[in-house]
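Right, one structure below, let's go through it.
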2 protein chains.
Amino acid sequence: MTTLTIFFVRAIRESEQDVPDIRKDSADGQPDSGGVSLQDYLVRKGCFLSKATIKDVARVAEVSLKTVSRVINNEPTVKEATRKKVQAAIKELNYQPDMSARNLRGSMSYAIGLVYDNPNPYYVVGVQEGVLKACREMGYSLQIHPCDAHHDGIVEELCDLVRQSRLAGLVIAPPISENETITKALEDRGIHFVRIISASSPPAGASPCVYVNDRAAAHSVAEHLIAHGHTRIAFLSGEEEHHSTFERREGFKAALLEHGIAVDDSLILDGAYSFDSGLQRTMTLMDRSDRPTAIFGCNDEIAAGALAAVRTRGLTVPDDVAIAGFENSPFSQQSRPPLTTAAQSTSEIARQAMMLLVNEMRPQSTDNAEAPNYSEFVPELLERPSTSTRAT
Amino acid sequence: MTTLTIFFVRAIRESEQDVPDIRKDSADGQPDSGGVSLQDYLVRKGCFLSKATIKDVARVAEVSLKTVSRVINNEPTVKEATRKKVQAAIKELNYQPDMSARNLRGSMSYAIGLVYDNPNPYYVVGVQEGVLKACREMGYSLQIHPCDAHHDGIVEELCDLVRQSRLAGLVIAPPISENETITKALEDRGIHFVRIISASSPPAGASPCVYVNDRAAAHSVAEHLIAHGHTRIAFLSGEEEHHSTFERREGFKAALLEHGIAVDDSLILDGAYSFDSGLQRTMTLMDRSDRPTAIFGCNDEIAAGALAAVRTRGLTVPDDVAIAGFENSPFSQQSRPPLTTAAQSTSEIARQAMMLLVNEMRPQSTDNAEAPNYSEFVPELLERPSTSTRAT
DNA sequence: AAAAAAATAGTCAACGTTGTCATGTTGACT
DNA sequence: AGTCAACATGACAACGTTGACTATTTTTTT
């Protein structure tokens with residue numbers, strides 16, 4: 001089968017001169033319909049995998065290679081009539097520019113990388129989806145690059161990646177995006193990138209950035225708990241490496257203070273973004289005589305762990321202890337009772353990040369060269385049964 | 001910063017002739033140490049993003065371009081001494097072949113695509129990890145392609161993908177890999193691909209395949225339940241579109257029959273691979289007067305839903321009802337009690353798939369051209385508390 | 001020792017695209 | 001009419017690599 005196809009491809013290549021004649025015949029001799037198009041010709045030859053090249057388009061549109069290139073790249077100096085003709089040819093041949101050739105030739109490349117070291121598959125898949133969607137819209141290809149944030153040679157690793165795959169830029173997800181040593185080094189090396197981070201205000205720095213205002217969202221969650229009458233609320237942290245841990249905790253503390261509740265440091269525990277962490281910490285908490293009446297998990301997995309621990313201790317949620325999480329992962333939807341949480345559309349965030357990156361890399365290609373190079377997202381509170389009773 | 005870098009890159013390019021002289025000086029005038037290598041030269045110039053090309057390597061190794069190419073591609077007709085010299089130069093310059101140029105030039109390409117439409121992020125991330133690892137080992141780059149299996153133009157979409165990105169082949173995950181209309185069409189078009197599917201024996205067909213023997217694994221799970229004294233066991237199916245649903249159900253039924261237990265069709269329910277599906281079906285089951293004593297969920301999400309339903313009805317697991325899942329996802333580890341399940345190393349499966357694909361695409365490059373073009377994985381039973389009591 | 005065979009190494013063009021520069025074409029203004 | 005912009009198009013080289021072919025060296029055979 002393969003051999004056959006390759007044979008056909010060769011056949012086409014070799015008879016290249018003949019093709020325009022066929023084309024001419026149909027164009028001159030008779031009206032459009034019923035004519036033999038180049039596309040028909042290729043298809044009839046069984047040439048499934050042959051790609052129409054810019055050359056084919058040029059021949060069909062009867063212009064030069066360069067003019068086709070101009071149309072493809074939306075350069076302004078093309079007469080409208082010519083543009084139309086070329087676009088028609090592109091459509092007829094189902095022409096798509098060859099990424100390898102584009103990337104090879106130009107000072108510019110149409111490939112970007114997505115860098116992450118995130119243990120949460122839901123997050124990763126969401127980010128991938130958003131970036132990929134934006135890539136397709138803008139004609140980019142995507143190279144995913146899961147990696148180890150703690151690997152010493154991470155900066156060199158990323159540089160090699162950019163060089164080997166000729167990447168135009170990187171989208172960097174937390175927690176790597178929040179490591180200033182890394183981002184500074186990349187900046188020094190002149191690598192374009194956009195960061196997705198957790199922050200409560202636009203970050204300083206030249207590189208574009210999408211920041212998720214976890215602080216504001218955590219503030220809302222905390223106020224929600226307070227509104228339900230809770231004053232002894234525990235906070236279960238994730239890894240400190242994730243800036244979101246810090247932001248969420250700050251938002252939590254700010255809400256307490258604003259409502260005149262003293263922050264009890266013994267109720268603010270460190271930990272990790274995992275079920276087990278939530279489980280262990282909560283076991284300890286439940287064994288205290290002055291146990292809290294509510295628990296705020298830094299994410300849903302922690303909260304799910306907390307829920308399991310509370311149950312294990314024979315207590316009920318939300319009557320004995322209210323629980324809130326963060327992220328709106330399936331863990332929060334599928335636990336019993338479902339968990340109050342805060343939602344962020346990961347894919348939308350990632351899409352926006354990609355937009356900012358392109359705007360940074362090619363200021364001319366987009367109209368809004370003067371748009372800010374950052375963008376804010378504020379996760380929204382989702383009230384669910386895990387915090388429902390205890391009305392104020 | 002960027003402008004600066006580009007300037008330096010230009011500077012290097014323009015002074016190309018000078019570089020070998022510097023090199024020569026250090027090579028001739030004095031012993032190796034203390035000499036000025038080309039690499040040093042580039043780095044001192046601030047030329048972070050400049051790539052060493054095959055040309056640079058050739059100059060340093062004092063051989064022709066083609067010879068370097070031969071070394072890179074492990075062609076046999078290179079004298080050992082020459083090979084050593086070239087490899088040293090490659091190392092010195094930290095040379096890495098340019099993917100774009102390779103893919104552009106050759107009849108062969110070093111890019112493959114990963115095609116999936118799987119709602120389970122854990123599965124997706126696992127497959128990505130495995131394929132990516134194999135890609136790195138073998139010098140391939142990976143293009144991920146999440147897509148909609150029910151989209152009418154899916155075959156054309158995949159062809160366009162292969163053409164536009166010059167992919168050498170595809171790794172196709174379930175359920176798309178189990179759709180014969182699609183795989184047949186791809187075969188007809190001469191596209192190389194490997195499938196990851198659920199099956200109980202090597203599938204017919206020319207294309208390579210990794211099959212996961214869900215039937216055998218489900219058989220084990222069912223026997224485990226039977227061994228714990230259960231005879232009324234319900235089976236909650238996933239989507240029929242996923243062949244794994246069929247296989248797991250067949251394994252389940254076979255185990256019952258082998259142990260002289262009649263298959264009660266009213267205990268075999270259809271459904272979907274979701275928490276909600278498990279929840280709803282189990283609600284119905286629990287309301288029956290002749291409710292089952294055990295439930296086998298076609299995956300862990302279903303089983304987690306079943307667990308929630310059983311609880312909602314005021315029954316306990318495993319004393320009133322035992323529950324088993326499949327897949328060893330976090331849902332099974334983090335539920336209370338943790339769920340008995342069956343595990344498959346998704347990333348190992350994906351890695352193996354990639355290996356088979358390469359073997360198919362380049363029979364010459366690997367030694368084992370005659371190795372079978374399929375491979376079996378049998379998930380292993382993991383006993384956990386959700387099925388623990390009721391000893392036989 | 002010469003001839004043939006095998007091994008190693010090199011030359012050149014080509015992959016599909018875009019940047020640079022040159023050329024042609026239009027219309028507006030002396 | 002003749003000059004000059006401004007616009008529109010084209011010719012050609014180059015990106016980094018490899019396939020086909022050729023040239024050289026080494027080994028084997030006669």
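Given the structure is predicted, the values throughout are model-derived calculations rather than measurements. Excluded from the calculations below are hydrogen atoms, water molecules and symmetry mates; all remaining heavy atoms, backbone and side chain alike, are included. Order of the sequence lines fixes the chain letters, A, B, ..., with proteins taken first and strands second; residue numbering starts at 1 for each chain.
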Give one of base, sugar-phosphate or nothing for [X], where a contact means two heavy atoms less than 4.0 Å apart.
X: B:Tyr95; result: sugar-phosphate
X: A:Thr77; result: base
X: B:Asn103; result: nothing

Grab the [atom1]-[atom2] distance between [X] and [N] for me, whole Å please.
X: A:Leu65; N: D:dT9; atom1: CG; atom2: C1'; value: 12 Å
X: A:Arg105; N: D:dA13; atom1: CZ; atom2: P; value: 12 Å
X: A:Leu104; N: C:dC15; atom1: CG; atom2: P; value: 14 Å
X: B:Arg70; N: C:dG10; atom1: CZ; atom2: P; value: 8 Å

Tell whether A:Lys55 reaches the base of C:dG16 with its side chain through a donor-acceptor pair below 3.5 angstrom.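 Checked by distance alone, the answer is no.
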Salt bridge between B:Glu156 and B:Arg189, side-chain N to carboxylate O under 4.0 Å?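 Result for this pair is yes, salt bridge flagged.
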Is the shortest distance from a Lys or Arg side-chain nitrogen in B:Arg102 or B:Asp98 to a carboxylate oxygen in the other one below 4.0 Å?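 No, B:Arg102 and B:Asp98 are not salt-bridged.
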Residue from B:Leu161, B:Ile112, B:Leu357 passing side chain to side chain contact (heavy atoms under 4.5 Å, CB included) with B:Leu170: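 With B:Leu170 as partner, side chain to side chain contact (heavy atoms under 4.5 Å, CB included) holds for just one option, B:Leu161.
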Could you walk me through whether A:Glu137 and A:Lys133 pass the salt bridge (charged side-chain N to carboxylate O under 4.0 Å, His left out) test, one step at a time? CA-CA 6 Å; A:Glu137 276 173 31; A:Lys133 195 192 269 178; over 6 Å; no
Identified pairing partner of C:dA7, criterion: Watson-Crick or G-U wobble below 3.5 Å: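 Across all strands, the one nucleotide that pairs with C:dA7 is D:dT24.
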Can you work out whether A:Lys79 or A:Ser69 has the more 5'-proximal nearest nucleotide on DNA chain C?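 Here A:Ser69 is the residue nearer the 5' end.
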